[in-house]
Amino acid sequence: MTAASAAIAATMRRFDPALSDGDMQAIAKGIDANNDAAKALHPQKKRLKNGDAPVVRFAVSGNEP
Amino acid sequence: MNDDDVAFSDVVDLQALLTAKQLSSVELTQLYLDRLEKYGPVYNAVVTILHERALREARRADRERARGRVRGPLHGIPYGVKDLLATPDAPTTWGAVPYRHQRFDYDATVVRRLTAAGAVLLAKLAMVELAGGFGYNDADASFTGPGRTPWNPAFWSGGSSSGSGAAVAAGLVGFAIGSETAGSIVFPSMACGVTGLRPTFGRVSRHGAMALCWTLDKLGPLGRSARDGEIVLRAIAGADPADPTAVDRPFPAPRRRPRIAVLKYATKGCMPAVARNFRATLNELATFCDLVPNIALPDLPYGAAVGTIVNAEGAAAFRELIESGKSRTLRQKDDRYGGYVAYATPAVDYVDAQRQRTLMVRALNDAFGSYDAVAAPTIPTVTYPIGAPFDKTYTEFSGTPDLIAPGNLAGLPALALPNGFGDHGLPTSVTLQGTAFNETRLTAIGNRYQTLTSFHRRRPPLVTKIR
């Protein structure tokens, strides 16, 4: 468990003050695990170029005024 | 033909019985309602049975048929929906305690289209809470209890469309609608030995469906044959002003001799029975398809991408629940804090996951785009035992290349077909993943395969009590 993930986990008590210390540890560990997994997505790791755009889908509905 | 023979018939055969006036839609509906009452609770497959609506729709179907009006192949056919589709007749619970009494005053587009096709809605079927969006780690993750596969009720019916899979397998409905964000149609299809069709992203409107992940969610059928999958898909597909991602696209004609890529290392790390059944499936497919072996899955971080996207979009979809602190009322212990973990997903990770996704779509199209399908075992094992954490089960079977994450990230269709049995008498399954909007090429292959095999017609030994 890193200090950063523990600090982020602590902020979740604002949503549920009843979160136990065990819950906080589980949240922090989950955050660390996700951060580790996301390293595989880092631009340097997989050589994303500046122009590699994300998947986005947006359409103007074209409603009449 | 006895009641069991009727209950386990596929849609095509049920329609033939209705056409021949061997039974009415009301009789068929009553048969399924009785079975839902008798077996639904045993397998934790049902949330709400819609007696009144079902009989009303069945009477209408019979009246129309008597007047010579038959709307199509689903006319008078009873079905169930995963309880994440809105209907006004009952709560739409999303499988989760905080939404147990949630009500909508309209039918989801999929339900509306099935009604227009003459089908009869029987029940809202059980599901993993919030479709698994908060990272559950065992089968007991719904307020209806752990979904049990009719093949061996000590084992999970899969998730998150647990009730859809079990209800089809136990002959409680003619077919069912499920949803998939990252495996929730194909996994329960495998676990329950039924045929599941995950449509292309955008083929089917999600209006009225619970959103977990706007860029990944899809709705599709689970049924007793590939031909049923195609019939249901044709009825529910198409553009919808209420869902801008839904589009009208044609259904391509099947090829005379399809080309199928066989995924390289497809059986590496699989249970022996899964590997054996997959090889036998390839032998059957080779009688009418050209198989091209050893086609590699591009080496890209699919798992990390799909996990990050589901976390970020899921946290936004359920932001109100997370910020209310009420996720503590969820059933599965990891779900009670999983929302907070998802809530902490960095925005840059989400955007980079979506950027990687662009490259993945391109790479997958380069690898598989010239084939009608790519074939692999649906998962490397049979389904999981109830009561054991997923991450501590079957740890010796790993490292298998997996089509679920890549196929969902690219929005590609997939057909899961039962292809035999393995440990504990549990079904195994093969997945055929296609190219975008080519579902009917998959169902044509699946239909041909099912004329050569009988796994899809096997019936589980049903029980009325769990020991």
Side-chain angles (χ1 to χ4, degrees), chain A, chain B residues 134-135 137 201-202 214-216 241-245 247 299-312 319-329 333-334 336-346 348-362 409-411:
Chain A
M1 188 171 69
T2 62
S5 65
I8 294 169
T11 67
M12 302 302 168
R13 276 211 169 110
R14 71 193 191 276
F15 302 137
D16 184 0
L19 284 169
S20 67
D21 289 345
D23 292 333
M24 306 304 288
Q25 274 190 16
I27 294 168
K29 282 181 185 169
I31 291 169
D32 282 335
N34 284 349
N35 288 343
D36 283 345
K39 284 177 187 162
L41 304 169
H42 194 283
Q44 286 178 340
K45 181 93 176 174
K46 279 294 169 186
R47 298 190 181 174
L48 278 176
K49 295 187 289 292
N50 176 261
D52 288 326
V55 168
V56 287
R57 188 172 185 128
F58 176 74
V60 176
S61 65
N63 288 340
E64 293 298 318
Chain B
F134 285 3
N137 190 34
F201 182 88
W214 295 277
T215 69
L216 286 164
D243 177 357
T245 66
V247 293
D299 181 22
L300 292 165
Y302 306 105
V306 81
T308 302
I309 293 167
V310 172
N311 278 335
R319 183 171 182 168
E320 206 176 330
L321 174 69
I322 294 166
E323 293 182 351
S324 74
K326 288 182 185 160
S327 45
R328 86 175 80 85
T329 63
K333 68 177 173 53
D334 296 324
R336 292 175 202 152
Y337 65 80
Y340 300 117
V341 176
Y343 193 91
T345 303
V348 288
D349 285 348
Y350 174 70
V351 174
D352 277 343
Q354 295 285 26
R355 294 172 73 205
Q356 296 285 1
R357 194 174 173 185
T358 308
L359 306 187
M360 291 169 184
V361 170
R362 211 176 295 149
L409 285 163

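Naming convention: chains lettered A, B, ... in sequence-line order (proteins, then strands); numbering from 1 in each chain. Both backbone and side-chain heavy atoms feed into the values below; hydrogens, waters and symmetry mates do not. Since the model is a prediction, treat every value here as computed from it, not as a measurement.
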### Query
Is there a donor-acceptor contact under 3.5 Å from the side chain of B/R328 to the main chain of A/L19?
no
Given a strict heavy-atom distance threshold of 4.5 Å, which part of [X] is in contact with chain B: side chain, backbone, both, or neither?
X	value
A/A53	backbone
A/I8	side chain
A/N34	side chain

### Message
Using the side-chain hydrogen bond (donor to acceptor under 3.5 Å, both in side chains) criterion, which residues pair with B/N137? Sequence neighbours excluded.
### Response
B/D391
### Message
I'd like to know which of A/I31, A/N35, A/L48, A/D36 tops the heavy-atom pair count under 4.5 Å against chain B.
### Response
A/L48
Taking all non-hydrogen atoms of both residues, which atom of [X] and which atom of [Y] are closest, and how far apart?
X	Y	answer
A/P43	B/R355	CG-NH1, 4.0 Å
A/A40	B/P301	O-CG, 3.5 Å
B/V341	A/G30	CG1-C, 3.5 Å

Where on [X] is there a heavy atom nearer than 4.5 Å to chain A: the side chain, the backbone, both, or neither?
X	value
B/P346	side chain
B/N311	side chain
B/T358	both

First locate atom [atom1] of [X], then atom [atom2] of [Y], and finally report the distance between them rounded to the nearest 0.5 Å.
X	Y	atom1	atom2	value
B/R336	A/I27	CZ	CD1	13.0 Å
B/R357	A/L41	CZ	CG	12.5 Å
B/Y340	A/D16	OH	CG	4.5 Å
A/K39	B/D352	NZ	CG	14.5 Å

### Message
So, using ring-ring contact (aromatic ring centres under 6.0 Å, His included) as the criterion, who are the partners of B/Y343 when residues are at least two apart?
### Response
A/F15
